[in-house]
Each structure stands twice: as structure tokens, then as C-alpha cells.
Protein chains: 2
Amino acid sequence: MHCPCPLTRNHEVNPCANCPVRHWTICHALPNDELAILESFKTGDRVCEADQEIYSQGDDLDELYTVVEGWIYLAKLLEDGRRQISQIALPGDFIGYQANLVRPMDHSAHTLTPVRLCVFPRDKFLDFIREHPELSLRLTWMIANYGELGRDRLLSVGRQTAVERVAHFLLELYYRVRLRDPEPLGSSIKMPLTQEHIGDALGLTSVHVNRMLRELRERKLVQVVDQTLTIIDPDGLADVAGFDEDMMDRLLDGGEGFECRSQRIE
Amino acid sequence: MHCPCPLTRNHEVNPCANCPVRHWTICHALPNDELAILESFKTGDRVCEADQEIYSQGDDLDELYTVVEGWIYLAKLLEDGRRQISQIALPGDFIGYQANLVRPMDHSAHTLTPVRLCVFPRDKFLDFIREHPELSLRLTWMIANYGELGRDRLLSVGRQTAVERVAHFLLELYYRVRLRDPEPLGSSIKMPLTQEHIGDALGLTSVHVNRMLRELRERKLVQVVDQTLTIIDPDGLADVAGFDEDMMDRLLDGGEGFECRSQRIE
DNA sequence: CGTATCATTGACGTCGGTCAATTCGTGTGG
DNA sequence: CCACACGAATTGACCGACGTCAATGATACG
């Protein structure tokens, strides 16, 4: 099974060298002159509309994706329909990966906006990775990173109050977007999420998310209007969110160095 | 900084070939005749008492550990002391790893019982891994697995009721222990956790955990007495916990095959 | 024995959920 | 151009799951 969206194979149109997310994803591990390695491994591109299921919990997926453009949410469902959003995937994120690649997917991926995906064949992936240690380390970096974000969220959902959770969530999103697009034009970003999405990410109902957003607005910390998130008072918000320095550093660490290199220098 | 427990360097005492967790941890990736690779990389063993901090949130750790014996919990703290346990680490688990190995630890590790750790040097770790692709893939498998367990817990904490959470937690623990020690002697395991630990793992108070344990006991599903967990009705419990087949499979997947091999066979 | 830790239980309070009504914006068809 | 439908946001009234506080046992330990 794979995403039903149309696949384009013309790599010429989007050579990896021009890829907008090159440095936010796995490919960052490759120097310019080795980019061809991934370019030849890549299957092609898929373009999906907003509000579409890329894969569903239970699917036997045969691809892996890098998000090139657009927003996606990853979610797990209980049998009666209760939903937990486990991650908001942004450009550069690598999705569809699981510890065991031959098992059915343990979560779903759903587009929030029109999306462009870079597609890799699943069955050859580990063999491919095995031959390229730098890619392997970079992959591990990314997977470990997603694990950390997940546990940050767990702390938030398990031990923070509703206002704190919402504040935390919005700040995290804000910095993740900013990392990818560091234009200093105001402190606003486009955020294509409904209050129900936010609730499903935080273990709250949309009604209560609404109340918390009102509170944050009245306290002049943050504003969400018309799918636009504006951070009015970053410090005040960080305060409510329980964001410490280290959390901030970790969020803004794109794995630049990235560890296998910075480690060498030590 | 490293764990203050005494370090023994006499590898002769515990050669890797006799290691009890050999097949539950990274080392599983190595065939017998290559075990020496890890044996020479290993720093030594550390033995810690119960109720001791192996490393703390904020520490600059210079080691990495495989749990050889004993139980450990990993936790994150908010500034005011609220605590979220993010993982119960059992023999075979690899702890201390983070996406960025040179950053201060984003969580703490605390022993629940006396513990024996297999110690690796942190600063040489990635260089070491880079040279051994099979280890690298196995590491990625483990890290990805921890991520999945974390997101399973997130679903539970975010979207399940208190009874469901407790049921889920106990079942997960039970199967994780059984995977390592598949003796069929009754359906009991030793579980060195207080009700407060369980609460901190599930976003509940110990008082409420107590009430839920009572309910589960009265419903004849499970019993916790004197640090011993007894599963009375596995199916009934799985029902309450919202455990599906796939979840079970995933829990019982030690990465045997493990994917890079089973993938080849496909 | 005195102290400490954990388990257990009851009384009561509150945070966040449920239900429902209203508004608003957008798109769509007549 | 207007009528209508639809989804999302917003708000109020009310409720219940879980937290808080406190008392009581039970067990271990020095």
C-alpha cells in the first residue's frame, strides 16, 4: 500500500541540489558532491491535497517520505475513535518510519495543507542505509529527536495544566517553524490547525482549548486569529509553558553540526 | 559527569559471550565471532544500589549504558517538581542516549532495584557506531522502539481514562518482562514500583492509582500485592487496556529478525 | 519502640468534559 | 444577489473524573 496521490518521477524538475528542505532532513548528512546517491535512490515526488490520508494505522506501507512542503499530523486512534495526535510533521520531517519496517503502520498520517512528499522505496531502505554510515547516523539523530519531542509532549500532557499545555504547544510549534524559516518579519506564523487538532495533540477537548486560548489572549501572551499564530510576549509565554533554556536550545538544534561531526571535534 | 557507582574493568569476569542480555540489546546485531568488537569498546561495569540517581536532568554525561540487571525509571521534571516518568528501563535497554550526545541530559535515570550497567564511553560512541553498520541499524531499531513506546504512552495518558491507563501500563510491563524471561510459571512478575511511580508514569496521583488498582482487583483482572503483579485475566485486562493484536505483537518483537535481516529475506 | 515509607480510604473541591445554543465565515446553488 | 448549508469558533450551564487533604494501617528498619 502507498499514498494514493499522483507520483511524479521526473527528478530533473526537482534536483536534490535545489531541494528546499535539504538541510532540515536526512540529506543534510551528504556533502554536495554525494547528493546523487540519494537522488538515484529516491522514487519520485507525490503531491497531495489538504485533508487527505497519506497512510492509515494498520496499513502495510511500501514507501517512506520526507515532507518537502506543507503540514501533516501523525495520529494514533483507539478503537472507539478517540484520537491522539503524536506529532505535527513539518517540511524536512521524515515520516512513515517505524522500528520494524515490515509491520503494519502503528499510526496514521493526514495532510493539513497541500503537501509535497519526497518518496523512498521502503523495501530497499535499510540496505541502502547500511551502505551509507553518515545517512544512518543522521537517520538515528532524527528518530531520536522525534522520540524526545514525544516525551516532552508526554510530560506536558501528563503533568501540566491545560493553559500550560496550550502555551507549550504553541511555543514549540512557533520555534519549529521559525527554525525552518527564520525570517524576522513579526512574530507570526501560519498555523493550519483547528482547535480540535490542538486538543487532540494535548489530550483536551476543542471547547477547553478555546477557553485556554481566550485566557492566553486576555493575558496578552499570544493570539490565534484566522489560522495565524502571533506570539505577543515570548518570555511571558515561555514562563507559562515551563520552557527552559535547554528546551529552547534543543528545539533550535537542527542537528547542524551534527553530532557525529561535532563529536569528532571534541 | 558519570554515574558515581563503582566501576569494574575486569572484563574477564563478564565476557560478552556470557552476557545475560546479549540478545535483548544492541549486541544482538553481532554474530558470536564479532562480539570482541564490543567487548573491547566497553569501558567496564557499574553496579548501583536501589534508589540511586544514575544521571540527572541537566548533567553533562560522559557515558552510555546498557542495563544488564535491575529496573530503572527515566523521568523528566518540571521546575516546581512535577514529575513524568517517560520509561521504565529493563535489562537489555540502552539508556543515556540522546539525539545530540554533547548536550546536557534532558531527563534523569533512577534505579528502582540494585542494578548492573554495562558502560560505554560517550565521546567515542558515534565514531564506533559509524564503523559498524549492523550496530548502527540495531541502535536505530532500539531508539525507534523507545519512541513508539513513548507515543503509545502518550495516547494512553492523553486519551484514556484512569482505569484504562493503569490496565494498559500493567499489561505493557508484564509483556516486556515476559519477553526477557519467558518462564511460564504462573502469570506473576516482580514489579518494584510504588503506586506513586505508576501515577507519575500515567499522569495520575498515587491516591487515584490506588483506587484504580482496587477496581481492577475487584473486577478480577489483575492483582498487585507486595511488589508482585499477577495478571488474573489477560484477555479481560487487554480489553480494558485497549490492547489490540498489533500492540501485542509490537511489544513481543525483540527485533529478533531483526528488520535489516528480515527485510533482506523478503 | 520510634520513625519512615507506602498503601488505603473517606470527604470534599476543582479542572476540564459534556451538552447545547449562538455566531461567524465561506462556499454553493437557485 | 440572496438563501442556505456547513464547519469552526465561542460561550454558558452543568456535571463528573480525578486531585487534594487528612486520617489510619501496615510493614520495615535502626
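The sequence lines fix the lettering, A, B, ..., with proteins before strands; numbering per chain opens at 1.
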Quiz prompt | Donor on one side chain, acceptor on other, B:Arg165 and B:His168, under 3.5 Å | solution = no
Practice problem: Scan side-chain atoms only and decide if B:Arg83 and B:Tyr73 contain a donor-acceptor pair under the 3.5 Å cut-off. | Solution: yes
Looking across every strand, which nucleic acid part, if any, lies under 4.0 Å from [X] by heavy atom: base, sugar-phosphate, or nothing?
X: B:Gly199; answer: nothing
X: A:Leu204; answer: sugar-phosphate
X: B:Thr161; answer: sugar-phosphate

Quiz item: What about B:Tyr55 and B:His107, are their ring centers closer than 6.0 Å?
Solution: yes
Quiz item: Quick one: does A:Arg211 reach the base of C:dG17 with a side-chain donor-acceptor pair under 3.5 Å?
Solution: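 Indeed, a donor on one side and an acceptor on the other fall under 3.5 Å apart.
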Quiz prompt | A:Leu193 CG - D:dA8 C1' separation (whole Å) | solution =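 Atom CG in A:Leu193 sits about 13 Å away from atom C1' in D:dA8.
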Quiz prompt | Distance, rounded to the nearest Å, where A:Leu202 contributes CG and C:dG16 contributes C1' | solution = 13 Å
Practice problem: Measure across A:Ser188 and A:Thr230 and return the closest heavy-atom pair with its distance rounded to 0.1 Å. | Solution: OG-OG1, 2.9 Å
Quiz item: Counting only side-chain N and O atoms of A:Asn210, is one of them less than 4.0 Å from OP1 or OP2 of D:dA9?
Solution: no
Exercise. Examine C:dC6: is either OP1 or OP2 under 4.0 Å from a nitrogen or oxygen in the side chain of B:Thr194? Give yes or no.
Key: no
Quiz item: DNA chain D: A:Arg159 or A:Leu213, which has the more 5' nearest nucleotide?
Solution: A:Leu213
